[in-house]
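Data first, discussion second: the structure below is written as structure tokens.
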Amino acid sequence: MDFKKIERKWQKRWEEEKIFEVKESAKKKKFYVLDMFPYPSGAGLHIGHAFVFSLGDIFARFKRMQGHNVLYPIGYDSLGLPAENAAIEAGTHPEEYTKKSIANFMKQQKAMGWSYDWSRAVKTSNPEFYRWDQWIFLKMLEKGLAYRKKAPVNWCRKCDTVLANEQVIDGKCWRHEDTEVEIKNLEQWFLKITDYAEELLEGLDKLDWPDNAKKRQRNWIGKSYGTDIYFEIDGSDKVLPTYTTRCDTIFSVTFLAIAPESPLVNELVEGTDWEKDVKEFAQKLAKESLADRINEEKEKVGIFTGRYAVNPVNGERVPIYVANFALTYGSGVVMCDAHDKRDFRFARKYDIPLKFVISKDGKEIDANREDDAFVDDGILFNSGEFSGMKNREALPKMADWIEKKKWGKKTVNYKLRDWLISRQRYWGTPIPIIYCDKCGVVPIPEKDLPVKLPKDVKFGKGNPLKTNDKFVHVKCPKCKSDARRETDTMDTFANSSWYFLRYADPRNDKKIFDEKKANYWAPIDQYIGGPEHITGHLIYFRFYTKFLRDLGLLKFDEPALRYFTQGIVHGADGEKMSKSRGNVIEPLEMIKKFGADTLRLALVSFAGPDKDSSWDEKIVVGNHKFLKKVYEYFDGWKPGKTEAIVESKLNKTVKEVTDYIQNFKHNLAAIKLRNLFNSFVDGAIDKKSAETFLKLLHVYCPFVTEELWEKMGNKPFVSLADWPKFDGKKINEKFDKIDAAVDKTISDVLNILKIVNGEKIYVYVLPNELENYDAEVLGKRVGKEVRVFAVNDAKKYDPLGKSAKVKPGRPAIYVE
RNA sequence: GCCAGGGUGGCAGAGCGGUCAAUGCGGUCGCCUCAAAAGCGACUUCUCAUCACCGAGAGCGCGGGUUCGAAUCCCGUCCCUGGCGCCA
């Protein structure tokens, strides 16, 4: 079998006849299958790509054959840091790099047999694509969802630029191992994803996503119920709002901690004797990296501000400290008590008194005599009217009480932060903003979009966009005076947040997409991607979808109804594949060696596709052998009659395989297909049976099955054939029992042969079971001559009368 | 620390309350062959038994429990993998 020739032939035919291109249709039910689009790197496809996209293709082919109008597009997430870095290192322009990489990707994608609608391909580095990033940004700005704020960012002095978190390794720059990353406060653009926090959380309930993906998103959004409690500053009419989820410990509060970067610090110490010391200390603390401050190993430090606040519930005066463990989360002020480890240890260090209000049994314990915080749940004491209650039961009641007395307010909090989209980098979507001294922040008018990336920039130092004067120095769109253009670009997650909609109408140059088309194809019915995107991309694109819905463009709330997370394919050594380990498997090499069909089948045979697995070339070899046998069998196939036992197995397999594919259990489907094929080999099968098998196998091995389908005298393409249906009436469980009985008989015979020598085997069976035992098959399997008799056969040869031992399903045996 | 997932035969990996622990790889033996490869067939968790067969017992990280019955459910415990991270 010439795999290479077959693969080339069908690649060409699919492409020439455009069989995977689709249009909206009122007759067929649509189905949208999507793999997360790849970042086109110069290295070409890696095995992870080969795996995910094969999963998508299998599903797309499956749904197509089931009669759906399947949209299965592909594109390239071609903006981003790697292209820019490659450009710096290799001296090419990111655009050239990207162009080359995409061409290389396309070639390999076609070689894998993925059934994309190529006419819809998009790439994010195309201005015709990213102009709509800019358009969405302007819409968000209009709705108050895009805003500018000072925010801390990672900064490398040597690179003279901001670093993404991924580029900070152990607090050092990834390119300068000797350079500590600094935290700088810069004006940055944010998108107000927090406005959608509640909806993003609630929406998860309706989605058919893996439970752990949903849990991780819930966790990330981090909804918590708490209470804001107001502490009046002693000697002032000002109030410090503190946020807590544990208002049951309010009677335990003995001090407040305030974040060093909070503007409240200055306010508190202004004009006091403490001013100089506190300000200096706070500044020092604020410079510590966040990583250091939240590191449990590092000591918590702080300084007394000289000021006190009053606990509203009991009127107690408590000192206010500036402390590094207080973060600018919420108001940046924390109430501190003896039931929190950090608070407890901090208090010990600075000799602040402590008091417990919870113990196991409600008996009073003196915190000052204990070694550490009491963090367990228990029974309250010294807590006014709440003493004697279980703390967890008292908590909501205490929140109500505090709110009723107007000492505070119940609140809901989310861990989800607004999305910082500014990147001081070149290869991204330019943020469509102009800064004018007179008019301030001026959005670029929609009609002037896209703001194109200028090609003529210098790489190496800082943001390359700043090196193009023509780009930077522009006239203000409002007052026409000299102004400066925003040189930050957008996080590339902006592009991937709505690309799935562009596939519905990829060449529209008037609108982001035609609403009718988008609402026909979207939402995605089956999305497939890696686990690493759960708390990034998969949240952002839900946010964008909801925003575009609120603009009136979409009629649905969620971008992807069903989601499958594929596992990671590790190297043969079980470790992550990496060049330095030398365990990288190149898909292209595998295709050369074994063919794309084999690779596809092998990739889904390793393990459950949602589990991590280790590469094993032996599995590939095994699958290759199997395919070769399949090819040889069907190459020489002549129509015959399918036996009832095979017919039963065939129908059962159709049922099982259909179910397995629907649920991504390809490893199990592959086993069933092998078993079915093995039952073909000994006998004849009719045309319909042969076709059914090829159809089932086709989603895994599209090339070989197209070839065999044609050889069988069918019109092309099996790609467009109907998915087989099973006939439940033809499935007969009895056959399985017969199989088992025959196996058992063989094992009995061999067992006897271990004990006695013999050349001739006589098997005696009940008359109604006679047809289940084929002397020839038995003979082949035990390697001896076998004769089968019915027990009532008068002419049977049975010198020792063994036939008397026959039982139903259990033949008697005589060896001579 | 918290959350999620997992620990099954030489290896990879199914099974996730009801005979018997899929399947693949590896291994052993046999057939075929001058021989080898390929192919085909049998065996392959462990212990014990058997020169005639419908054998016996144990076993799914460890320890308990629920059940007529557990790899499968519950509790405890140890280890691995991934994610989150002093969010008050």
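A note on names: the letters A, B, ... follow the listed sequences, proteins ahead of strands, and every chain is numbered from 1.
Every residue two or more places apart in sequence or in another chain that forms a salt bridge (charged side-chain N to carboxylate O under 4.0 Å, His left out) with A:Arg392 is listed here: A:Asp377. Checked against side chain to side chain contact (heavy atoms under 4.5 Å, CB included), A:Pro353 has no partners two or more places apart in sequence or in another chain. Every residue was checked against the salt bridge (charged side-chain N to carboxylate O under 4.0 Å, His left out) condition with A:Lys611, not counting sequence neighbours, and none meets it. Residues satisfying the ring-ring contact (aromatic ring centres under 6.0 Å, His included) criterion with A:Phe693, sequence neighbours excluded, are A:Phe634, A:Phe677, A:Phe680.
A distance of about 11 Å separates the C1' atoms of B:G15 and B:U23, rounded to the whole Å. Distance noted for atom C1' between B:C79 and B:G61: 8 Å (whole Å). When the P atom is compared between B:C32 and B:G41, the two are found 15 Å apart, to the nearest whole Å. Straight-line distance between the P atoms of B:C84 and B:A22: roughly 39 Å, to the nearest whole Å. B:U19 and B:C25: their C1' atoms are spaced 28 Å apart (whole Å). Comparing the P positions of B:C40 and B:G24 gives an interatomic distance of 11 Å, to the nearest angstrom. Comparing the P positions of B:U50 and B:A56 gives a spacing of 15 Å, expressed to the nearest Å. Taking atom P in both B:U72 and B:G59, the straight-line distance is 12 Å, to the nearest Å.
A distance-only check finds no donor-acceptor pair linking the side chain of A:Thr254 to the backbone of A:Asp337 [under 3.5 Å]. The closest donor-acceptor contact from the side chain of A:Gln217 to the backbone of A:Ile534 lies under 3.5 Å. A donor-acceptor pair under 3.5 Å is formed between the side chain of A:Asn324 and the backbone N or O of A:Val301. Formation of a donor-acceptor pair under 3.5 Å by the A:Asp228 side chain with backbone atoms of A:Thr411 is not found in this model.
Here B:C2 sits opposite B:G83 as a Watson-Crick or G-U wobble pair (both hydrogen-bonding atom distances under 3.5 Å). The nucleotide B:G41 finds its pairing partner in B:C29, both defining distances of the Watson-Crick or G-U wobble pair being shorter than 3.5 Å.
In this structure, A:Lys341 atom NZ and B:G1 atom P are separated by 9 Å, rounded to whole Å. Distance, A:Lys214 NZ to B:A4 C1': 15 Å, rounded to whole Å. One interatomic measurement links the two molecules: OH of A:Tyr414 to P of B:C84, which rounds to 22 Å at whole-angstrom precision. In this structure, the CD atom of A:Glu632 is 10 Å from the P atom of B:C40, given to the nearest Å. Between A:Ile746 atom CD1 and B:C43 atom P the separation is 8 Å, expressed in whole Å. Rounded to an integer number of Å, the gap from A:Asn219 CG to B:C3 P is 10 Å. Remark: C1' of B:A88 and NZ of A:Lys415 are 12 Å apart, rounded to the nearest angstrom. Atom CG in A:Asp248 sits roughly 12 Å away from atom C1' in B:A88 (whole-Å rounding).
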**Request:** Report, as a single string ordered 5' to 3', how protein heavy atoms within less than 4.0 Å touch nucleotides 6-33 of chain B: B base, S sugar-phosphate only, - not at all.
**Result:** -------SSS------BS-S--------
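Because its NZ or CZ atom is both nearer than 6.0 Å to the ring centre of A:Phe190 and within 45° of the ring axis, A:Lys149 counts as a cation-pi partner of that residue.
Among A:Arg600, A:Arg674, A:Lys628, the single residue meeting the side-chain hydrogen bond (donor to acceptor under 3.5 Å, both in side chains) criterion with A:Asn623 is A:Arg674.
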Pairs: protein N or O with nucleotides 52-55 of chain B N or O, under 3.5 Å:
from  : atom 1 : to       : atom 2 : distance (Å)
B:A52 : N6     : A:Val815 : O      : 3.0
B:A52 : N1     : A:Val815 : N      : 3.1
B:C53 : O2'    : A:Asp748 : OD1    : 3.2
B:C54 : O4'    : A:Arg810 : NE     : 3.4
B:C54 : O4'    : A:Arg810 : NH2    : 3.1
B:C54 : O2'    : A:Arg810 : NH1    : 3.0
B:C54 : O2     : A:Lys807 : NZ     : 3.4
B:C54 : N3     : A:Lys807 : NZ     : 2.1
B:C54 : N4     : A:Lys807 : NZ     : 2.8

